[in-house]
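Inspection log for the structure reproduced underneath, given as structure tokens.
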There are 2 protein chains.
Amino acid sequence: MSHDHWVPPPVLLTVDLVILTLRESCLHVLLIERGIEPYQGTLALPGGFLGHEKEDLVTAAHRELAEEAGLGPDQLHLEQLGVYGAPDRDPRGRVVSAAYLAIAPRLPEPVAGTDASRACWTSAEQALSGDVQLAFDHEQILTDGIDRAREKLERSALATAFCGPTFTISELQDVYEAVWGVPLDARNFYRKVQSVDGFIVPAGPSRKTDGGRPARLFRPGPRTTLHPPMIRPLSQADRETA
Amino acid sequence: MSHDHWVPPPVLLTVDLVILTLRESCLHVLLIERGIEPYQGTLALPGGFLGHEKEDLVTAAHRELAEEAGLGPDQLHLEQLGVYGAPDRDPRGRVVSAAYLAIAPRLPEPVAGTDASRACWTSAEQALSGDVQLAFDHEQILTDGIDRAREKLERSALATAFCGPTFTISELQDVYEAVWGVPLDARNFYRKVQSVDGFIVPAGPSRKTDGGRPARLFRPGPRTTLHPPMIRPLSQADRETA
DNA sequence: GGAATAGTGTCTTTAAGACATTATGCC
DNA sequence: GGCATAATGTCTTAAAGACACTATTCC
């Protein structure tokens, strides 16, 4: 600000995506094996540089979502997670990443035929176990993304984004159990989700296939925030108190 | 990705700050009258370009905090709010802003002597009333910052960041009432904050000056998350349900 | 009928909402 | 004593936790 013709340092912008979904009642994240340096061969979150000077950040996120995961803008939830800009996070220079969190229902193998065929769904547990090496600071971004999802399940109707257009209450419970990693009492869960008015609404004549009694189908309701919130039982990780 | 030597478009990075504090039991935000184009003469959030190629984002935020508000890194809360990158948000070109939320106790007029003497504390109500024009997309950033503060008061011990090193329970209640904009019952508030173990702990021999009975003093406790959370009464703005 | 899953009901316990009352300082 | 603010207590009510039970389908 004080020098004669000081110019601010330019940076490069990437958009990275934490794409979460449920597979076999387990939380999974989409990872891609990098084809180029740096971190060639290492797993990374899908993402890439801003396409052009005028591209909006959300637009770029949707573009990457389509290119790298074959996911269209409909029927998925997308929100900003934050910005990651440590000076040394990318060996190529000053690259700042806008991270987005996407939540999608389980789709029919969305990966195989797409542009980036090196994409693979990895269980969240495994991705953060330490056994898997992630490129850049993507482990931190992934951790933050999962934390965000866990928090938002408490106060928002976000859980329905993990489900298809219609779903059963058991499936919804599956979402909560998988994301939070704790078992829930089915009867109390039923009472709770039914009592929050507008969270889920009955859909169609209701029916489903399994071994037992058919379950009613529901759609997401108009309500986006949950009052009172869902209560997440504190798992083993309750650092404070006893 | 497909062309021969495609290079990603560089962008400029700014760091903008939503600095909140309490003044006369009202939520205030620090605004600065811009001295240069664009938006010269218009009120804006404090902030500025990244200082140099190697500067970390949080470091830049702390630097701006010191330069523009005279606030040191101690005894204030700072967290990232998000990134704002609409292509047309800055007439100078592609400028992307990393927004940070800072919460500080009321300090002895921190503004007057500092570098930027055009800084002024403005009540949040007034800043968002529409009467005040804010530069760039700073109205949106401010709205998001206040929303974030409101949410975090529910589940975190953030409220103590508005207070000095020691405070009375009444002062803490003031924080909640000012940020949420709703009156709270003092007796239930006492019961609540005392029951959340580790939220606040007695400090010193306890005493304070007013007209009436001296109040006990407390310090922030080790607890950072509140279980169960503080309940925010839904003000007039309860779009869903009745 | 038996297995499997869906859905409902009841009792208990925790904690919030709505109050009144007592306590301790200053003038 | 009178005033002002701090602090505590009680009753009610809402909602979560912990259970047992009935219902509907397929074999």
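In what follows, chains carry the letters A, B, and so on, assigned in the order in which the sequence lines appear, proteins first and then strands, with residues in each chain numbered from 1.
By the 4.5 Å heavy-atom criterion applied to side chains, A:Tyr100 and A:Ile19 are not counted as neighbours. Put simply, the side chain of A:Val58 reaches to within 4.5 Å of the side chain of A:His62, judged on heavy atoms. Under the 4.5 Å side-chain criterion, counting only non-hydrogen atoms from C-beta, A:Arg106 is in contact with A:Glu24. The shortest side-chain heavy-atom distance between A:Leu30 and A:Val18 does not fall under the 4.5 Å cut-off. In this structure, the side chains of B:Asp16 and B:Phe136 stay at 4.5 Å or more apart for every pair of heavy atoms. Looking only at side-chain heavy atoms (C-beta outward), B:Gln75 and B:Pro165 come within less than 4.5 Å of each other.
If one axis is set at each end of the helix from C:dG1-D:dC27 to C:dC27-D:dG1 from five pairs, those axes are 10° apart, to 10°.
The CD1-C1' distance, from A:Ile231 to C:dT13, rounds to 14 Å in whole Å.
In terms of position on DNA chain D, the residue among A:Arg213 and A:Arg187 whose nearest nucleotide sits closer to the 5' end is A:Arg187. In this structure, B:Pro214 and A:Arg191 both approach DNA chain D, and ranking their closest nucleotides by distance from the 5' end singles out B:Pro214. Between A:Gly211 and A:Tyr190, the residue whose closest nucleotide on DNA chain C is further toward the 5' end is A:Gly211. Taking the nucleotide of DNA chain C with the nearest heavy atom to each of B:Asn188 and A:Ile169, the more 5' of the two is matched to A:Ile169.
Under a 4.0 Å N-O distance rule, the pair B:Lys152/B:Glu79 qualifies as a salt bridge.
A:Cys163 contributes atom SG, which lies 14.0 Å from atom CZ of A:Arg219 (distance to the nearest 0.5 angstrom). Between the CD1 atom in A:Ile146 and the CG atom in A:Leu20 there is a gap of 6.0 Å [rounded to 0.5 Å].
Mapping heavy-atom proximity under 4.0 Å, the span of DNA chain D touched by chain A runs 5' to 3' from D:dA16 to D:dC26.
Against DNA chain C, the stretch residues 155-165 of chain A makes no heavy-atom approach under 4.0 Å.
Here B:Phe218 and B:Phe167 keep their ring centres 6.0 angstrom or further from each other.
One side chain, A:Tyr84 or A:Asp144, offers a donor N or O that lies under 3.5 Å from an acceptor on the other.
Listed nucleotides C:dG17, C:dA15, C:dT24 differ in distance to B:Pro228; the shortest reach to its side chain belongs to C:dA15.
A:Ser170 comes within 4.0 angstrom of sugar-phosphate atoms only, judged by non-hydrogen atoms across all strands, and of no base.
Note on A:Arg216: a side-chain N or O is less than 4.0 Å away from OP1 or OP2 of C:dG7.
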